[in-house]
2 protein chains.
Amino acid sequence: MKMKDTKGDILNAAERLFAARGPHATSLRQIISSAKVNLAAVHYHFGSKESLMQAVMSRRLVPLNAERLALLEEQERAHGRRVVPLAKVLTALVGPALRLSRNPKKGGVVFMQLLGRCFMEPDPKIQAMLDQQLQEVAGRFIPALQRAVPKLPEEDFFWRIHFLVGAMAHTMADAERLRTFSGGRCNPDDTEAMIDHLVNFLSAGFKAKSR
Amino acid sequence: MKMKDTKGDILNAAERLFAARGPHATSLRQIISSAKVNLAAVHYHFGSKESLMQAVMSRRLVPLNAERLALLEEQERAHGRRVVPLAKVLTALVGPALRLSRNPKKGGVVFMQLLGRCFMEPDPKIQAMLDQQLQEVAGRFIPALQRAVPKLPEEDFFWRIHFLVGAMAHTMADAERLRTFSGGRCNPDDTEAMIDHLVNFLSAGFKAKSR
DNA sequence: GCCTGATTCAAACGTACGTTTGAATGAAGG
DNA sequence: CCTTCATTCAAACGTACGTTTGAATCAGGC
């Protein structure tokens with residue numbers, strides 16, 4: 001009855017270390033030392049460091065993106081033929097990602113940080129992987145957002161999507177920094193407050209008059 | 001009359017490669033090969049890879065931050081005892097950084113990208129360096145921003161600073177991505193338009209009613 | 001009890017890294 | 001001309017990396 005879950009142990013250790021130091025700055029030897037498994041086990045189970053990274057991301061991203069799409073569909077169902085309000089769409093998009101920090105079974109704050117970092121990662125391999133994972137989400141959310149701000153010129157609209165991604169990624173990657181920076185006035189552990197602040201900020205930004 | 005500027009060549013090559021692949025993923029050998037200098041020259045002139053990185057950043061950041069402070073002071077002088085409007089403060093903060101891309105003598109889009117990446121860098125050494133370089137700017141701009149939105153509760157205020165940093169950093173690090181993502185509708189080469197879009201977005205976000 | 005296939009393991013592979021060394025080079029001063 | 005000092009250079013240092021290998025271990029089926 002050993003039941004040692006080598007594969008899962010590697011995934012968990014890799015997730016934690018990738019998030020803390022970045023994928024490039026994390027070595028396989030650090031991972032296997034933390035997971036207490038043999039070095040060759042990584043290549044046996046995953047094939048390469050790059051495939052391991054992909055597995056780390058997929059494990060969490062697939063359900064996360066499914067949740068985003070489900071929330072959006074729920075809103076669209078609830079609103080029938082009417083347009084889903086901007087704040088509802090934004091909440092369906094950023095809520096599941098930020099809420100990760102409240103769910104240790106899904107990686108908790110650790111994976112949230114890793115996901116935030118990946119948005120900023122220069123490595124084209126990681127970029128391609130992320131783009132692929134986000135393709136469906138983008139395809140569904142962009143039209144929904146556009147319907148929510150129908151009078152906004154397309155150029156403004158895409159700039160604001162860009163700012164949205166930046167604000168969201170930075171919040172995911174480094175919410176903890178805000179605690180000290182704000183002198184304790186902000187508490188990143190209060191996830192729902194964090195979501196409200198972000199959605200509130202983004203909503204106002206999206207609704208700004210174009211110039 | 002050789003006049004070869006080894007030190008400058010290294011700085012330029014390092015800046016370009018650090019920005020393109022990230023400091024951690026760039027090796028000294030890639031840098032010296034691009035700069036066409038000897039490997040030992042890096043340690044002769046800079047001492048270590050880390051010091052080189054610091055030199056790369058300081059060369060641009062010192063004048064950049066000076067420009068930010070000068071613009072802010074100019075606004076404060078122009079407005080006398082009245083409060084400097086939010087958009088003016090934001091422009092003084094993000095304008096000089098985004099305008100880098102128009103000034104090849106100051107590193108152009110290359111350094112802008114590197115600076116954006118550094119905000120997201122996990123490496124504590126880089127974080128400490130950035131914090132130190134930004135200390136004076138933060139100390140001057142935060143009160144100015146706070147005066148510009150005096151009715152905003154402090155908790156909201158600091159969250160929005162956080163979102164501001166994320167949107168700005170992402171815009172600096174990856175404005176080019178928006179060109180393809182928007183299907184050509186957005187043109188990151190038009191720096192002044194980029195600044196307007198960002199300031200417009202951030203202003204609306206900062207002015208949003210607290211909930 | 002042995003065979004089979006999946007898993008674990010210690011050891012080594014070749015490569016690339018940041019850094020150091022010590023000699024060669026080159027211009028300036030006496 | 002010789003010394004001096006800063007700079008450049010080729011070569012090597014030791015270390016760490018991702019990956020591969022082949023044998024050891026283990027479980028379950030016949």
Side-chain angles (χ1 to χ4, degrees), chain A residues 1-59 114 117-118 121-126 128-129, chain B residues 1-59 114 117-118 121-126 128-129:
Chain A
M1 258 314 188
K2 287 277 248 352
M3 260 293 128
K4 66 184 282 190
D5 178 17
T6 304
K7 212 166 163 178
D9 291 345
I10 294 175
L11 280 174
N12 290 332
E15 183 175 66
R16 190 161 42 78
L17 290 169
F18 282 161
R21 326 182 198 207
H24 217 102
T26 303
S27 75
L28 290 183
R29 283 169 171 84
Q30 292 172 329
I31 294 171
I32 61 110
S33 154
S34 161
K36 298 196 218 322
V37 301
N38 187 272
L39 177 54
V42 174
H43 295 88
Y44 177 78
H45 287 288
F46 299 98
S48 69
K49 183 183 179 180
E50 190 189 319
S51 304
L52 170 60
M53 175 65 184
Q54 194 136 348
V56 166
M57 297 304 292
S58 289
R59 176 171 68 148
L114 176 57
R117 291 212 192 293
C118 283
E121 187 67 39
D123 186 341
K125 296 270 180 63
I126 291 181
M129 185 254 290
Chain B
M1 256 317 192
K2 288 276 258 327
M3 258 293 127
K4 62 183 288 190
D5 179 17
T6 304
K7 212 166 161 177
D9 291 345
I10 294 174
L11 280 174
N12 290 333
E15 182 176 67
R16 191 162 40 79
L17 290 170
F18 282 159
R21 326 182 199 208
H24 217 103
T26 303
S27 73
L28 290 183
R29 283 168 172 84
Q30 293 171 329
I31 293 171
I32 62 110
S33 155
S34 162
K36 299 198 219 320
V37 301
N38 187 272
L39 177 55
V42 175
H43 294 89
Y44 177 76
H45 286 288
F46 299 98
S48 69
K49 184 183 179 181
E50 191 189 318
S51 303
L52 170 60
M53 175 64 183
Q54 194 136 347
V56 166
M57 297 304 292
S58 288
R59 176 172 69 147
L114 176 56
R117 290 212 192 294
C118 284
E121 187 66 41
D123 186 342
K125 295 269 181 62
I126 291 181
M129 185 252 290

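Sequence lines set the chain letters: A, B, ... in the order given, protein chains first and strands last, and positions in each chain run from 1.
Considering CG of B:Leu17 and CG of B:Leu28, their distance stands at 10.5 Å, rounded to 0.5 Å. Atom-to-atom distance recorded for B:Met53:CE and B:Lys125:NZ is 12.5 Å, nearest 0.5 angstrom. The CD1 atom of B:Ile31 sits 11.0 Å away from atom CD of B:Glu15, with the distance rounded to the nearest 0.5 Å. In this structure, the separation between OH on A:Tyr44 and CG on A:Asn38 is 12.5 Å, given to the nearest 0.5 Å. Atom CD1 of A:Ile10 and atom NE2 of A:His45 lie 5.5 Å apart (nearest 0.5 Å).
Sorted by first and then second residue, the pairs that involve residues 16-25 of chain B and meet side-chain hydrogen bond (donor to acceptor under 3.5 Å, both in side chains), not counting sequence neighbours, are B:Arg16-B:Ser34.
The side-chain contact (heavy atoms from CB on, under 4.5 Å) test applied to B:Ala19 returns B:Val110, B:Gln113, B:Leu114, not counting sequence neighbours. Taking A:Ser48 as the reference, A:Glu50, A:Ser51 meet the side-chain contact (heavy atoms from CB on, under 4.5 Å) condition, with sequence neighbours excluded.
Within the 3.5 Å criterion, the main-chain N or O of B:Asp9 finds no donor-acceptor partner in the side chain of B:Lys36. Formation of a donor-acceptor pair under 3.5 Å by the A:Lys49 side chain with backbone atoms of A:Pro23 is found in this model.
Axis angle between the ends of the helix from C:dG1-D:dC30 to C:dG30-D:dC1, five pairs each and rounded to 10 degrees, works out to 20°.
For the pair B:Lys7 NZ and D:dT8 C1', the computed distance is 15 Å after rounding to whole Å.
Contact check of residues 20-54 of chain B against DNA chain C (heavy atom, cut-off under 4.0 Å) returns B:Thr26, B:Ser27, B:Leu28, B:Arg29, B:Leu39, B:Ala40, B:His43, B:Ser48, B:Lys49. For the contact set between residues 9-19 of chain A and DNA chain C, defined by any heavy atom under 4.0 Å, there are no members.
Note on A:Thr6: a side-chain N or O is less than 4.0 Å away from OP1 or OP2 of C:dT8.
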